[in-house]
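Letters go in sequence order (proteins before strands), and every chain restarts at 1.
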There are 2 protein chains.
Amino acid sequence: MNRPALSVDRNSPVPLYFQVAQQLEAAIRDGKVAPGERLENEVQLADRCGLSRPTVRQAIQHLVDKGLLVRKRGVGTQVVQAQVRRSVELTSLYDDLAAAGGEPRTEVLELDTVEAPDQVAKELGVPPGAPVAKLRRLRYTGAEPLALLTNYLPGGLLEPTAADLAEHGLYELLRAAGINLRIANQTIGARSATAAEAQALDERRGVPLLTMTRTAYDDKGRAVEYGSHVYRASRYSFALTLVER
Amino acid sequence: MNRPALSVDRNSPVPLYFQVAQQLEAAIRDGKVAPGERLENEVQLADRCGLSRPTVRQAIQHLVDKGLLVRKRGVGTQVVQAQVRRSVELTSLYDDLAAAGGEPRTEVLELDTVEAPDQVAKELGVPPGAPVAKLRRLRYTGAEPLALLTNYLPGGLLEPTAADLAEHGLYELLRAAGINLRIANQTIGARSATAAEAQALDERRGVPLLTMTRTAYDDKGRAVEYGSHVYRASRYSFALTLVER
DNA sequence: AAGTGGTCTAGACCACATC
DNA sequence: ATGTGGTCTAGACCACTTC
């Protein structure tokens with residue numbers, strides 16, 4: 001049992017449940033509450049913060065969804081004893097690399113409006129042949145090429161310049177344009193590099209590549225991006241956390 | 001706007017919010033509520049079901065977490081216009097294949113108690129050299145080998161027989177033993193097949209393989225399984241749905 | 001101005017795990 | 001028997017979007 005210090009600011013615009021969740025998360029990450037250790041029960045926690053139980057419950061649920069805590073009826077709430085804790089969230093490769101201090105660099109290979117191929121039209125929910133933006137980029141980390149990225153966006157959604165794309169990740173540009181990504185369907189696989197891919201990625205033909213295709217949807221349920229990417233398997237892998245609900 | 005038929009049974013042991021979620025999900029999957037279409041607002045829905053608003057909210061949140069719905073303040077709740085809808089959940093390959101009608105078959109290559117190698121000890125949170133169960137299995141779908149699976153479990157947690165493993169998935173056996181999996185950290189990558197792997201999987205040496213390592217935790221936060229697997233990339237890929245919270 | 005979801009309260013009863 | 005989380009109510013006020 002552990003009682004981390006908790007305080008809430010009722011004048012802050014930050015929701016109360018979120019303030020509590022942040023403080024609990026900080027206590028866990030700093031090791032003030034050890035893996036395997038039990039938290040106070042919800043009622044005590046609520047009393048101690050001066051909040052109602054549903055509000056405290058919402059804070060705890062937030063951390064359960066994040067994979068930091070597990071709850072069991074009749075038992076209590078415990079910290080998961082996991083070592084790694086990186087999850088693939090709804091960010092683009094650029095965001096990931098920037099967050100990890102990887103100095104991402106982008107070379108724009110193509111920036112066009114094309115007629116949507118069948119597969120793309122199907123994924124984006126537009127008629128085949130409708131105009132869509134097509135991007136092809138080569139992503140570096142430091143001096144090393146890392147991935148070859150091909151994206152399609154519904155026509156008129158976003159008209160980025162090559163300069164925009166060199167400086168920012170695609171998802172960053174989408175967010176800046178007021179598009180809030182909510183859901184993505186991804187498929188991850190592997191195959192051998194074609195000659196062209198190998199040359200672009202500074203690898204030899206036939207080396208294994210990781211492939212990822214993704215269709216992303218915004219907060220209105222519209223498909224806003226379809227991507228088909230290949231990564232050098234020697235330098236990249238996907239990490240994710242699954243949480244059973 | 002759409003008003004699917006909804007009814008709740010207050011004598012059922014199934015929670016009310018879950019009954020509502022199930023009926024909404026069925027209406028969506030049957031196409032009775034089309035992608036992009038808006039649902040009634042929460043208050044109307046609550047009135048119509050004879051439930052309180054928080055209960056209906058919980059039902060909707062459940063479907064938002066599943067990636068079926070998106071919500072936006074001031075706008076409403078809409079059905080996502082996604083075509084694919086398979087997510088990697090916390091199931092094992094055996095479960096996945098069985099659910100897809102893939103007739104899984106398992107050949108047990110090794111079933112031992114060994115001293116935990118450093119990497120395994122670290123992932124399972126046991127001292128290096130502690131006794132752990134080691135399993136090596138070859139998983140087929142129909143006549144074709146699909147994956148080579150290596151797992152480690154903390155000593156004493158589960159003592160399966162080769163017959164158990166031939167008939168059931170590992171996760172199924174864990175559940176039957178009262179172990180409830182809650183969280184898993186996975187890493188997905190790719191590399192070339194070694195000669196031994198190629199032979200076991202009926203491929204040629206050097207073909208690309210998908211790799212997946214996973215550490216799974218139960219509802220008490222304990223690490224209960226570490227797995228290191230390789231899949232034939234020509235016959236398998238991972239599909240998952242990401243939801244921004 | 002009207003309508004939507006987001007947050008919050010102060011309780012209540014229940015199911016499950018443990019002792 | 002006790003303590004835990006799971007579910008549920010009937011409201012309230014607020015922030016955001018759209019018209």
Does the side chain of A/Arg57 get closer than 4.0 angstrom to OP1 or OP2 of D/dG6 through an N or O atom? yes
At under 4.0 Å between heavy atoms, what does B/Pro15 touch on the DNA or RNA strands: base, sugar-phosphate, or nothing? sugar-phosphate
Would you kindly give the CG-to-C1' distance between B/Asp219 and C/dC16, to the nearest whole Å? 12 Å
Applying a 4.0 Å non-hydrogen cut-off, can you work out what B/Leu16 is touching in the nucleic acid: base, sugar-phosphate, or nothing? sugar-phosphate
Check this one for me: any side-chain N or O of A/Arg53 less than 4.0 Å away from OP1 or OP2 of C/dA10? no
Please determine whether a side-chain nitrogen or oxygen atom of B/Asn41 lies at a distance below 4.0 Å from atom OP1 or OP2 of C/dG3. no
Give a yes/no on whether any side-chain N or O of A/Lys220 is located under 4.0 angstrom from OP1 or OP2 of D/dT18. yes
OP1 or OP2 of C/dT9 under 4.0 Å from side-chain N/O of A/Arg10: yes
Below 4.0 Å: OP1/OP2 of D/dT7 and any side-chain N or O of B/Thr55: no
Considering only NZ, NE, NH1 and NH2 on the basic side and carboxylate oxygens on the acidic side, decide whether B/Arg71 and B/Glu42 come within less than 4.0 Å. yes
Going from CZ on B/Arg53 to CG on B/Asp47, what distance comes out if it is rounded to the nearest 0.5 angstrom? 11.5 Å
If the cut-off is 4.0 Å, is A/Tyr17 near the phosphate of C/dT7, judged by side-chain N/O to OP1 or OP2? yes
Closest non-hydrogen atom pair between A/Lys72 and B/Asp219, with its separation: CE-OD2, 3.2 Å
Starting at CG of A/Leu45 and ending at C1' of D/dT4, how long is that distance when rounded to a whole Å? 13 Å
Is B/Leu51 touching bases, backbone alone, or none of the nucleic acid, heavy atoms closer than 4.0 Å? sugar-phosphate
Name the closest nucleotide to the B/Arg73 side chain, picking from D/dG6, C/dT4, D/dC8. C/dT4
Phosphate OP1/OP2 of C/dG5: any B/Thr77 side-chain N/O under 4.0 Å: yes
First encountered from the 5' end of DNA chain C, between B/Glu40 and A/Pro54: B/Glu40
Please figure out whether A/Val75 or B/Gln61 has its closest DNA chain C nucleotide nearer the 5' end. B/Gln61
B/Gln23 vs B/Ser7 side-chain heavy atoms within contact, under 4.5 Å: yes
